[in-house]
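Only a predicted model underlies this, so the values are computations on that prediction, with no experimental measurement involved. Every heavy atom of this structure was used, including side-chain atoms; hydrogens, water molecules and symmetry mates were not.
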Amino acid sequence: MIEILSRLPAKSLMRFKCVSKLWCCLIRSRYFSNLYLMVSSSQPRPLGLYMSLYMSLDLVRHCMCD
């Protein structure tokens, strides 16, 4: 599942954070962010979308992940 999510556009990832707390925490995790960067560096994507993902991750740090 992580591999699939890491290949999606950032806009879709931001929507999928609302699916469940687990998905929200996964998408917000440092592991996933690093994986997303590695995948995106091998597949050309607009930088603006990654920046949007990165900024959104910083803004939602208050989300509880139990």
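Cluster annotation: V39 and M1 are assigned to the same hydrophobic cluster (Ile/Leu/Val/Met/Phe/Trp/Tyr, side-chain heavy-atom contacts under 4.5 Å, transitive).
Looking at residues two or more places apart in sequence or on another chain, you find a side chain to side chain contact (heavy atoms under 4.5 Å, CB included) between I2 and L26, Y31, F32, L35.
Separating the SG atom in C24 from the CE atom in M14 is a distance of 9.0 Å, to the nearest 0.5 Å.
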